[in-house]
Amino acid sequence: MSSTFGTLLQVSTFGESHCKGVGAVVDGCPPGMQLCESDIQPQLDRRRPGQSKLTTDRQEADRVTIFSGVENGVTLGTPIGLFVPNKDQRPGDYRQMSRIPRPSHADFTYQMKYGVRASSGGGRSSARETIGRVAAGAVAEKMLKEVYGVEIVAWVSAVSDISATDVDLQTITRQAVDGNLVRCPDAAAAARMEALVARVKEDKDSVGGIVTCVCRHVPAGWGEPVFDKMEAKLAQAMLSIPATKGFEVGSGFAGTRLKGSVHNDPFVAGDGRLGTTTNNSGGIQGGIANGEPIFFRVAFKPPATIGLAQQTVDFDGNPVTLEAKGRHDPCVVPRAVPIVEAMAALVLGDFALRQKMRA
């Protein structure tokens, strides 16, 4: 199983949704950086379950402990061990589902690959695996902010067919994003999104959405062509998140409908550097950051586990009616925001170290 991500800044996540706990080991973080649990906990609080009426009812504090790699609040340059215990486990909710592969879930594919799987909660395919990513991402983000001034902000830009408008990539803040339960900075769209998610939860169904992310002040030159292009590593990072089904950077698929004369980003001199008058490239050209804001979108499917009765078959091929129990998000995108930010930070942190090696 591939549970390690990164080249110089590496994170390895561990744990299943209903084991004793989950976490990560971060290797490659430079020594001498101030770091404590309070630097990491805010992002875990934004990701944790049970935080609002729109999320799963599972109650977890998700309090992180730093086990290694830090002494007297300072990183040592050695592997940083991060651990979050599981508290509110209910494996009994999955007893019936141990014999039935849930539609569009990973039960069937994990069983086919390994010949065995975690019997409750989805195991490694559960969203609880992302706790390690978020904790590790907070470490990477602190390095990026303090050394390079990089800012990373993600938000919910769509739920089903409801889309946000008028979000300024240059000024959007996490405070504005967290201003409502659905984490959409467009107040009018957010109200409609919240109503839809609440209705879907009541109906025991689910709905998908899109998270948009901007990374500001990324130095020009980061990225490693040809196979480790900036957008290629971001795509890998984002599509490794559970429930993701699509990724696009800059103009994305909409750019295919434009002519080159419209889509090109002309250069302009200003502030002691070259910039661009438009940013259809999404801050990346030739796989390398060009100094403009990097922005991209990640599509999340409707959560596969729903409470509605579904006609399917068990592992023996016998027809069954599945009414999944357990506690599940009706829409994952509000809680996916810090996960997207974390994976972006891990990508950028790794590229920062790789670029530093060239100096």
Where the side chain of Thr75 meets the backbone of Pro30, is there a donor-acceptor pair that is under 3.5 Å apart? yes

Side-chain donor/acceptor of Glu248 to backbone N/O of Phe253, under 3.5 Å: yes

So do the side chains of Thr276 and Pro266 get within less than 4.5 Å of each other, counting heavy atoms only? no

Does the side chain of Ser157 come within less than 4.5 Å of Val167's, by heavy atoms? no

Examine distances only and state if a side-chain atom of Gln41 and a backbone atom of Val64 form a donor-acceptor pair shorter than 3.5 Å. yes

Check against side-chain contact (heavy atoms from CB on, under 4.5 Å), Ile66 and Ile80: CA-CA 7 Å; Ile66 299 176; Ile80 300 171; 4.2 Å; yes

Test item: Lys87 and Pro85 side chains (from C-beta on) under 4.5 Å apart, heavy atoms: yes

Under a 3.5 Å threshold, yes or no: a donor from one side chain and an acceptor from the other, between Arg124 and Ser3? yes

Atom pair SG (Cys184) and CG (Asp178), whose distance is rounded to the nearest 0.5 Å: 12.0 Å

CG of Asp314 to CZ of Arg99: how many Å apart, nearest 0.5 Å? 8.0 Å

Distance alone, cut at 3.5 Å: any donor-acceptor contact between the side chains of Thr13 and Glu129? yes

Any donor-acceptor pair under 3.5 Å from Ser206 side chain to Pro303 backbone: yes

Do you know which two heavy atoms are closest between Val74 and Gly32, and how far apart they sit? CG1-CA, 3.5 Å

Review item, side-chain donor-acceptor pairs of residues 268-275, under 3.5 Å, at least two apart:
from: Arg273; atom 1: NH1; to: Glu292; atom 2: OE2; distance (Å): 3.4
from: Arg273; atom 1: NH2; to: Glu292; atom 2: OE2; distance (Å): 3.1

Looking only at heavy atoms, the pair that brings Ala189 and Ala164 closest together is CB-CA, 4.0 Å

Any idea which heavy atoms bring Leu181 and Ser52 closest together, and the distance? CD2-CB, 3.7 Å

For a side-chain hydrogen bond (donor to acceptor under 3.5 Å, both in side chains) check, start with the C-alpha distance between Gln310 and Thr321, then their side-chain angles and the critical distance, and finish with the verdict. CA-CA 6 Å; Gln310 301 176 83; Thr321 300; over 6 Å; no

Look only at the side chain of Asp107 and the backbone of Arg102, and say whether a donor-acceptor pair between them is shorter than 3.5 Å. yes

Would you say Met230 and Phe5 are hydrophobically clustered, going by side-chain heavy atoms of ILVMFWY under 4.5 Å? yes

Shared ILVMFWY cluster between Trp155 and Phe295, side chains joined below 4.5 angstrom? yes

Reported CG-to-NZ distance for the pair Leu144 and Lys142, which is rounded to 0.5 angstrom: 12.0 Å

Would you give me the side-chain donor-acceptor pairs under 3.5 Å for residues 348-359, sequence neighbours excluded?
from: Asp350; atom 1: OD1; to: Thr7; atom 2: N; distance (Å): 3.3
from: Asp350; atom 1: OD1; to: Leu8; atom 2: N; distance (Å): 2.7
from: Asp350; atom 1: OD1; to: Leu9; atom 2: N; distance (Å): 2.8
from: Asp350; atom 1: OD2; to: Thr7; atom 2: N; distance (Å): 3.0
from: Arg354; atom 1: NH1; to: Thr7; atom 2: OG1; distance (Å): 3.3
from: Arg354; atom 1: NH1; to: Asp228; atom 2: OD2; distance (Å): 3.1
from: Arg354; atom 1: NH2; to: Asp228; atom 2: OD2; distance (Å): 3.0
from: Arg358; atom 1: NE; to: Glu224; atom 2: OE2; distance (Å): 3.4
from: Arg358; atom 1: NH2; to: Glu224; atom 2: OE1; distance (Å): 2.5

Using a 4.5 Å cut-off on heavy atoms from C-beta on, say whether the side chain of Ile284 contacts that of Trp222. no

Between Asn280 and His263, is there a donor-acceptor pair closer than 3.5 Å when you use the side chain of the first and the backbone of the second? yes

Pairing donors with acceptors under 3.5 angstrom, does anything connect the side chains of Thr130 and Arg335? no

Closer than 3.5 angstrom, by distance alone: can the side chain of Asp168 be matched with the main-chain N or O of Ile172 as a donor-acceptor pair? no

Show your reasoning for whether side-chain contact (heavy atoms from CB on, under 4.5 Å) applies to Asn318 and Val313. CA-CA 5 Å; Asn318 302 308; Val313 299; 6.0 Å; no

Taken to the nearest 0.5 Å, the spacing of Phe108 CZ from Thr312 OG1 works out to 10.5 Å

Separation between OG1 (Thr65) and CD1 (Ile40), nearest 0.5 Å, reads 9.5 Å

Pick from Arg192, Glu194, Met193: which one makes a side chain to side chain contact (heavy atoms under 4.5 Å, CB included) with Val159? Met193

Give a yes or no on whether Leu44 and Leu35 share a hydrophobic cluster (residues Ile, Leu, Val, Met, Phe, Trp, Tyr; joining criterion: side-chain heavy atoms under 4.5 Å apart). yes

Donor-acceptor pair, Arg183 side chain versus Pro334 backbone, under 3.5 Å? yes

OG of Ser104 to CD1 of Ile306, rounded to nearest 0.5 Å, is 9.0 Å

Within the structure provided, determine whether Pro103 and Leu322 are in side-chain contact (heavy-atom separation under 4.5 Å). yes

Starting from the C-alpha separation in whole Å, work towards a yes-or-no answer on side-chain contact (heavy atoms from CB on, under 4.5 Å) for Glu16 and Ser126. CA-CA 7 Å; Glu16 289 81 38; Ser126 167; over 6 Å; no

Start with the C-alpha gap between Val333 and Ile210, add the side-chain angles, then the distance that decides, and say whether side-chain contact (heavy atoms from CB on, under 4.5 Å) holds. CA-CA 7 Å; Val333 288; Ile210 298 172; over 6 Å; no

Leu76 vs Val70 side-chain heavy atoms within contact, under 4.5 Å: no

Do you reckon Leu308 sits in the same ILVMFWY cluster as Val207, going by side-chain contacts under 4.5 Å, direct or chained? no

Go through Arg128 and Asp62 one step at a time and tell me if the salt bridge (Lys or Arg N to Asp or Glu O under 4.0 Å) criterion holds. CA-CA 10 Å; Arg128 282 198 71 72; Asp62 286 349; 2.9 Å; yes

Salt bridge (Lys or Arg N to Asp or Glu O under 4.0 Å) for Glu60 and Arg48? Distances and angles first, verdict last. CA-CA 7 Å; Glu60 296 280 3; Arg48 73 173 182 84; over 6 Å; no

Less than 4.0 Å between a side-chain N and a carboxylate O, is that true for Glu341 and Arg174? yes

Note: Asp265 and Asn279 closest approach over all heavy atoms is OD1-N, 3.4 Å

Closest non-hydrogen atom pair, Val134 against Ala342: CA-CB, 3.6 Å

In terms of relative ring orientation, are Phe296 and Phe247 parallel, tilted or perpendicular, with 30° and 60° separating the classes? tilted

I'd like to check the salt bridge (charged side-chain N to carboxylate O under 4.0 Å, His left out) partners of Arg216; sequence neighbours left out, ordered by chain and number. Glu151

Please say yes or no: joined through hydrophobic side-chain contacts below 4.5 Å, possibly via intermediate residues, are Met33 and Val150 part of one cluster? yes

Within-4.5 Å side-chain heavy-atom neighbours: Val156 and Val337: yes

Under a 4.0 Å threshold between the charged nitrogen and the carboxylate oxygen, would Glu141 count as salt-bridged to Arg133? no

Is there side-chain contact between Val211 and Ile339, with at least one heavy-atom pair below 4.5 Å? no

Got a donor-acceptor contact below 3.5 angstrom from the Asp186 side chain to the Ala188 backbone? yes

Which pair of non-hydrogen atoms, one from Ser38 and one from Cys36, has the smallest distance, and what is that distance? OG-SG, 2.9 Å

